[in-house]
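Some notes on the structure that comes next.
Every chain is numbered from 1, with letters handed out A, B, ... down the list of sequences.
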Number of protein chains: 2
Amino acid sequence: MSQPRFRNWQAIQDEVLRRIHARDWPPGHVIPNEVDLAAEFGCARATVNRALRALAEAGMLERRRKAGTRVALHPVSRATVDIPVIRQEIEDRGQSYTYRMFSRKIARPPVSIQARLCPDSPVDCLHVTALHLASGVAYVFEDRWINLATVPAAANQNFDTISANEWLLATVPYTHGDISFTAEAAAGAEADLLGTARGAPVFVIDRTTWDHDRAITTVRLSYAPGYRIRTSVGTPVSV
Amino acid sequence: MSQPRFRNWQAIQDEVLRRIHARDWPPGHVIPNEVDLAAEFGCARATVNRALRALAEAGMLERRRKAGTRVALHPVSRATVDIPVIRQEIEDRGQSYTYRMFSRKIARPPVSIQARLCPDSPVDCLHVTALHLASGVAYVFEDRWINLATVPAAANQNFDTISANEWLLATVPYTHGDISFTAEAAAGAEADLLGTARGAPVFVIDRTTWDHDRAITTVRLSYAPGYRIRTSVGTPVSV
DNA sequence: CAGTGGTCTAGACCACAAT
DNA sequence: TTGTGGTCTAGACCACTGA
């Protein structure tokens with residue numbers, strides 16, 4: 001059953017997608033294994049593997065050893081979001097970046113923060129609040145706790161010229177992190193600093209990062225009204 | 001210069017990341033080419049390629065033919081966000097899904113929508129508004145325009161049992177899409193349907209999808225208060 | 001033009017998990 | 001136990017792009 005012959009992994013990917021959309025392979029269907037597909041497509045197994053692995057990363061297929069490869073039951077749009085350093089984000093918009101720190105003190109965090117940074121036992125943390133401005137206008141308010149047990153060097157940084165956001169990303173490698181996006185009503189002080197009315201909708205990013213099993217920092221970034229995260233969903237089908 | 005010998009692409013990835021974090025290879029630095037690295041690591045070039053390609057996809061490296069591979073100047077956190085079908089999203093939370101359509105009519109869209117769906121010339125579109133409920137509680141309000149020039153079959157769907165969200169994802173393949181996230185104040189009717197106060201912060205997803213160069217649909221999803229998108233930043237370093 | 005990454009091949013061995 | 005995907009190898013050719 002030698003088809004016209006597929007020369008590269010993207011052509012194979014397109015053909016697999018075509019069969020999925022044509023319902024030749026409906027959701028849940030177990031598709032032929034790599035050896036058989038390679039024979040059908042007239043290519044090496046590694047090429048089929050490349051195509052199927054890309055589709056699995058895109059969420060179209062689910063692959064398990066021995067069980068084989070099946071079409072995902074619930075198609076999802078998988079978007080990749082880049083979260084840059086704040087200074088870079090502002091300068092990329094062609095605006096000038098300024099930074100103003102408001103507070104910096106070492107303390108035991110409240111329980112809600114403690115649950116994220118040091119669930120086992122309370123430790124000293126560095127609490128920093130600051131405002132990032134774009135061309136002199138409030139852009140995002142940063143409320144950050146840094147685990148001094150994990151990052152003792154942070155205690156020697158005063159963060160008056162370089163933001164904690166930037167210093168941490170450049171200095172402390174992390175293995176993984178949690179991120180969440182919400183819409184919240186601006187609280188009192190936060191609203192004033194962002195130059196908006198209290199209760200106005202603000203876009204909030206909560207992020208916690210770890211180095212292996214040790215929490216590094218947790219931060220709440222509240223963006224001034226009008227902030228928008230843009231992204232795109234990949235192009236599973238080439239061209 | 002045979003190092004201890006790196007056996008797999010993840011070990012190579014870890015070693016490259018170690019050198020980046022150790023500033024052996026600072027941001028902007030052009031690292032050795034694949035052939036040299038393969039010789040140093042004692043493995044095949046394909047293995048080095050696999051490791052470097054993964055790091056490039058994660059945003060840590062920038063690769064260009066002839067120019068070589070360099071450490072990214074501005075480290076970014078690249079998170080992947082899954083955007084599931086709404087029914088699935090609700091059922092995954094262990095809640096029951098119900099759906100209620102409010103309006104469905106064919107019309108020429110307003111200019112703001114027209115700019116996204118048919119920038120060249122106005123065409124007939126199907127405008128659908130509906131509410132998705134989780135265990136009987138308003139979850140998200142859907143305000144959608146479907147380009148009938150691209151998807152004529154939509155005109156025959158009444159969307160009273162299956163939502164446009166679900167029907168489109170299951171029926172119409174797309175090649176790419178734009179997505180954006182914002183926090184906005186609930187407008188009048190929207191606020192009433194979502195069961196929240198007018199002006200309350202709502203999380204909004206705007207999405208437009210295309211099939212090649214033909215726009216399929218554009219939708220605004222406004223989520224009831226409390227909605228949160230969770231994701232995580234990859235684990236470039238294995239374990 | 002020439003150096004780099006992008007990809008393909010044919011074969012091999014391994015790791016995992018369903019049976 | 002055994003079938004499947006996961007990966008590695010050594011070599012080859014190609015495509016892009018900087019000089």
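A sub-4.0 Å separation between OP1 or OP2 of C/dT4 and a side-chain N or O of B/Thr69 is absent. Residue A/Arg63 has no polar side-chain atom (N or O) positioned under 4.0 Å from OP1 or OP2 of D/dT4. Within the 4.0 Å cut-off from OP1 or OP2 of C/dG6, at least one side-chain nitrogen or oxygen of B/Asn49 is found.
A straight line from CD1 of A/Ile12 to P of C/dG6 spans 19 Å, rounded to a whole angstrom. Taking atom CZ on B/Arg50 and atom C1' on C/dG6, their separation rounds to 14 Å, with Å as the unit. In this structure, the CZ atom of B/Arg53 is 13 Å from the C1' atom of C/dC8, given to the nearest Å. Put simply, CZ on B/Phe41 is 16 Å from C1' on D/dC8, counting in whole angstrom units. Atom-to-atom, CG of B/Leu52 to P of D/dC8 comes out at 13 Å; the value is rounded to the nearest Å.
Within residues 28-36 of chain A, no residue has any heavy atom under 4.0 Å from DNA chain C.
Side-chain polar atoms of B/Ser180 and A/Arg230 form no donor-acceptor pair below 3.5 angstrom. Side-chain atoms of A/Thr217 and A/Tyr174 include no donor-acceptor pair closer than 3.5 Å. When only modelled atom types and interatomic distance are considered, B/Arg207 and B/Thr218 share no side-chain donor-acceptor pair under 3.5 Å.
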Exercise. Go along nucleotides 9-19 of chain C 5' to 3' and tag each nucleotide: B for a protein heavy atom under 4.0 Å from its base, S when only backbone or sugar atoms are that close, - otherwise.
Key: B--B--BBBB-

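When side chains are defined from C-beta on, B/Asn8 does not count as touching B/Thr47, because their heavy atoms never get closer than 4.5 Å.
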Output side-chain donor-acceptor pairs under 3.5 Å for residues 25-34 of chain B, partner residues at least two apart or in another chain, one line each.
residue, atom, partner, partner atom, Å
B/Asn33, OD1, B/Val35, N, 3.1
B/Asn33, OD1, B/Asp36, N, 2.9
B/Glu34, OE1, B/Arg45, NH1, 2.6
B/Glu34, OE2, B/Asn49, ND2, 2.9
B/Glu34, OE2, B/Arg63, NH1, 3.1
B/Glu34, OE2, B/Arg63, NH2, 2.7

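Electrostatic pairing of A/Arg87 and A/Glu166 counts as a salt bridge here, judged by a charged N lying under 4.0 Å from a carboxylate O. A salt bridge links A/Glu15 and A/Arg19; the closest N-O separation between the charged side-chain nitrogens and carboxylate oxygens is under 4.0 Å. Salt bridge annotation for A/Asp82-B/Arg78: present, with a cationic side-chain nitrogen under 4.0 angstrom from a carboxylate oxygen.
With B/Thr150 contributing its side chain and B/Ile216 its backbone, the two residues share no donor-acceptor pair below 3.5 Å.
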